[in-house]
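By convention here, the first residue in the shown sequence is residue 1. As the structure lists them, so they are numbered: ligands from 1, and atoms in each ligand from 1.
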Amino acid sequence: MKQLKILIIDDEKLIRWSLEKHLTSKGYETFSAETGEEGVKLFETHHPEVIFVDNKLPGIQGLDVILKLKSLDDEAAIVFMTAYGSIETAVSAMKAGAAEYINKPFAFEEIEVIFENIKSKIKIIKEIQLLRRQQKDIVTFDHIIGETSIFKQIVQLSKKISRTKTTTILLLGESGTGKDMFAHAIHNESTRNEKPFVTINCSSLPETLLESELFGYEKGAFTDARQLKKGLFEIAEGGTVFLDEIGEINQATQIKLLGVLENRVVRRLGGTVNIPVDIRIIAATNRDLKKAVDEKSFREDLYYRLKVFQITLPALRERKEDIPGLADYFIKYYNQQFQKNITSITDSVRRLLIQYHWPGNIRELRNVIERAVILESMSTLQAESLPGEIVSLSEIDKAASEVNDTPLFIEPDLSPFKFNIPPEGVSLYEIEKQIIIQALVKTGYNQTKTSVLLGISRDTLRYKMKKYDL
Ligand SMILES: Nc1ncnc2c1ncn2[C@@H]1O[C@H](COP(=O)(O)OP(=O)(O)OP(=O)(O)O)[C@@H](O)[C@H]1O
Ligand SMILES: [Mg+2]
């Protein structure tokens with residue numbers, strides 16, 4: 001845990017001096033103030049986690065100081081110091097929001113006890129936050145499905161990059177290709193995984209709101225700023241900030257974001273100090289950012305800062321071999337969800353899924369399977385349970401092939417390789433599987449001979465056998 005910052009507000013010089021001396025010797029960073037007013041100012045600039053507040057102060061009184069501090073930051077841990085015996089005042093202080101109180105004069109051992117209490121409270125709050133996050137299924141690379149070599153390479157690369165601490169990552173890819181999923185997996189498999197993962201969709205908020213969400217504001221920064229608000233960069237301290245739809249941010253926010261990436265500090269709206277932030281930024285977009293740079297709607301310097309490490313997720317139609325595996329995964333998932341027991345899919349369903357061009361990528365596939373699992377009454381998924389746009393595509397193909405029985409061109413003689421494509425079509429996936437089976441049968445399941453026969457390596461053969469469940 002980062003060392004706590006502590007503020008002492010007391011008009012008695014001796015108390016300030018001895019507390020500071022003791023606390024700095026324990027490695028804490030301390031600040032002190034003689035009056036409540038001065039204390040509040042120091043609080044606003046240094047954001048200490050723990051504040052000692054004396055009851056009797058020259059200006060505003062201790063109780064009011066507590067109220068004031070709590071209104072600025074509800075998480076501030078306040079230790080109220082009061083003269084021995086005044087229990088009522090201590091009770092009022094706790095009601096006002098103090099976390100602990102201590103009677104003066106006190107021994108340093110008492111301070112230690114109080115600190116342990118405060119630290120465990122802070123720890124509990126953090127643990128609760130962590131548990132809340134864990135309740136939503138935690139996404140790791142194990143949940144990311146894909147066997148095609150291009151996809152596996154991307155996963156390997158992403159795993160490597162997740163081990164770096166602050167490297168900025170830019171995720172590109174069409175809608176539904178898994179950008180969100182990768183951002184979560186990178187965070188969850190990084191050393192920041194116990195810290196917050198904060199996500200914001202840059203296109204979902206009006207410009208000024210986006211800026212105040214990201215950077216926060218000081219009390220009074222504008223008419224509605226009734227109390228201090230920390231921005232997401234600050235809230236994510238130690239963790240990851242996921243800026244989704246980064247292509248949508250306006251010029252002013254682009255400049256501010258560039259500042260964060262370059263200097264690793266943020267300044268709240270209306271603020272005067274730079275607050276250091278330890279975060280990793282992951283940005284994503286389905287827009288062509290390079291084009292936006294060329295068109296001058298996106299800053300070039302920011303673009304280069306963001307793409308320190310760029311990952312482009314392929315569209316589903318560029319890795320069709322993964323469709324059966326993904327379909328299978330989603331069938332199992334929705335079986336559980338809807339208490340169904342669909343164990344397989346028909347060949348025509350497999351073919352239809354592979355043929356379709358999936359403009360909505362994996363999200364669309366997932367939705368199609370969800371719907372099909374709900375509709376299906378058999379244990380094998382039938383084409384009738386697929387939505388119209390997927391089935392009609394093949395109907396059109398079928399009709400076309402029926403009309404076209406006179407060949408439009410003379411086919412070359414490929415006799416040894418001749419394969420008659422049936423009118424309803426056939427998937428390459430199925431052909432490959434059948435050829436492998438034939439070769440395996442021919443060689444009596446001798447893998448070395450089979451791989452020679454097919455002109456592929458034994459590793460490739462093994463991979464394909466696993467893929468086709470042979
Ligand atoms: N490789 C994968 N394996 C399993 N599920 C995936 C995979 N990729 C994406 N998904 C699922 O597909 C859906 C869409 O993914 P995600 O939200 O990550 O896409 P996106 O690229 O962020 O889309 P958008 O640009 O629309 O925000 C999610 O439900 C996710 O769980
Ligand atoms: Mg997304």
Side-chain angles (χ1 to χ4, degrees), residues 133 135-159 161-162 169-189 197-205 210 232 240-249 281-292 298 306-307 309-338 345 353-354 356-374 387 390 467:
R133 284 209 310 281
Q135 274 168 0
K136 306 183 216 146
D137 343 14
I138 283 275
V139 177
T140 65
F141 287 111
D142 294 339
H143 300 92
I144 294 184
I145 311 292
E147 286 298 325
T148 44
S149 65
I150 169 175
F151 196 73
K152 273 179 147 173
Q153 275 172 20
I154 291 173
V155 170
Q156 279 321 105
L157 216 64
S158 309
K159 276 188 184 167
I161 199 70
S162 71
I169 301 168
L170 178 62
L171 290 168
L172 300 176
E174 288 179 16
S175 175
T177 47
K179 299 184 294 296
D180 257 80
M181 223 181 164
F182 269 75
H184 277 93
I186 290 169
H187 170 78
N188 291 331
E189 297 207 6
F197 176 89
V198 175
T199 165
I200 185 159
N201 185 321
C202 301
S203 71
S204 67
L205 294 172
L210 175 66
L232 292 182
T240 307
V241 177
F242 178 43
L243 302 172
D244 205 358
E245 314 248 12
I246 188 83
E248 311 306 319
I249 62 173
I281 292 180
I282 304 181
T285 180
N286 47 30
R287 276 186 53 184
D288 185 347
L289 266 196
K290 181 79 187 67
K291 196 163 146 230
F298 202 86
L306 288 172
K307 64 172 267 172
F309 205 93
Q310 181 173 310
I311 299 172
T312 306
L313 298 177
L316 187 54
R317 65 186 156 291
E318 288 161 19
R319 53 177 187 116
K320 287 201 163 202
E321 301 92 312
D322 278 335
I323 293 174
L326 279 162
D328 209 45
Y329 177 79
F330 292 135
I331 289 173
K332 288 200 181 104
Y333 177 82
Y334 287 113
N335 267 342
Q336 253 190 1
Q337 197 98 334
F338 305 123
I345 61 177
L353 295 180
I354 293 173
Y356 185 59
H357 59 295
W358 301 109
N361 294 295
I362 304 168
R363 181 179 295 112
E364 189 182 9
L365 175 64
R366 183 185 178 132
N367 294 342
V368 163
I369 299 290
E370 177 178 7
R371 175 183 183 275
V373 169
I374 293 173
I390 293 179
K467 174 167 133 190

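Between the side chains of Asp322 and Thr148, at least one donor N or O sits under 3.5 Å from an acceptor N or O.
Within a 6.0 Å radius of CD in Gln310, other residues, nucleotides and ligands contribute more than 12 heavy atoms.
Across all non-hydrogen atoms, the minimal contact from Ile249 to Cys202 is CG2-CB, 3.5 Å. Closest approach of His143 to Met181, counting heavy atoms only: O-CE, 3.4 Å. When all heavy atoms are compared, the tightest approach of Leu353 to Trp358 is O-NE1, 2.8 Å.
The side chain to side chain contact (heavy atoms under 4.5 Å, CB included) test applied to Glu248 returns Ser203, Glu245, Arg287, not counting sequence neighbours. Looking at residues two or more places apart in sequence or on another chain, you find a side chain to side chain contact (heavy atoms under 4.5 Å, CB included) between Ile145 and Leu326, Tyr329.
Checking Leu365, Ile323, Ile390 one by one against Tyr356, the side-chain contact (heavy atoms from CB on, under 4.5 Å) holds for a single residue, Ile390. The one candidate from Leu170, Ile169, Leu172 that meets the side-chain contact (heavy atoms from CB on, under 4.5 Å) condition with Lys307 is Leu170.
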Short N or O separations between ligand 1 and the protein, below 3.5 Å:
residue, atom, partner, partner atom, Å
ligand 1, 1 (N), Ile145, N, 3.4
ligand 1, 1 (N), Ile145, O, 3.0
ligand 1, 3 (N), Ile145, N, 2.9
ligand 1, 17 (O), Arg363, NH2, 3.1
ligand 1, 18 (O), Lys179, N, 3.4
ligand 1, 18 (O), Asp180, N, 3.1
ligand 1, 18 (O), Met181, N, 3.0
ligand 1, 19 (O), Gly178, N, 3.2
ligand 1, 21 (O), Thr177, N, 3.3
ligand 1, 21 (O), Gly178, N, 3.1
ligand 1, 21 (O), Lys179, N, 2.8
ligand 1, 21 (O), Lys179, NZ, 2.8
ligand 1, 22 (O), Asp180, N, 3.0
ligand 1, 22 (O), Asp180, OD1, 3.0
ligand 1, 23 (O), Gly176, N, 2.8
ligand 1, 23 (O), Arg363, NH2, 3.1
ligand 1, 25 (O), Lys179, NZ, 2.7
ligand 1, 26 (O), Ser175, OG, 2.6
ligand 1, 26 (O), Arg363, NH1, 3.0
ligand 1, 26 (O), Arg363, NH2, 3.2
ligand 1, 29 (O), Arg366, NH1, 2.9
ligand 1, 31 (O), Arg366, NH1, 3.0

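Excluding waters, the set of protein N, O or S atoms lying under 2.8 Å from the Mg ion (ligand 2) comprises Asp180 OD1.
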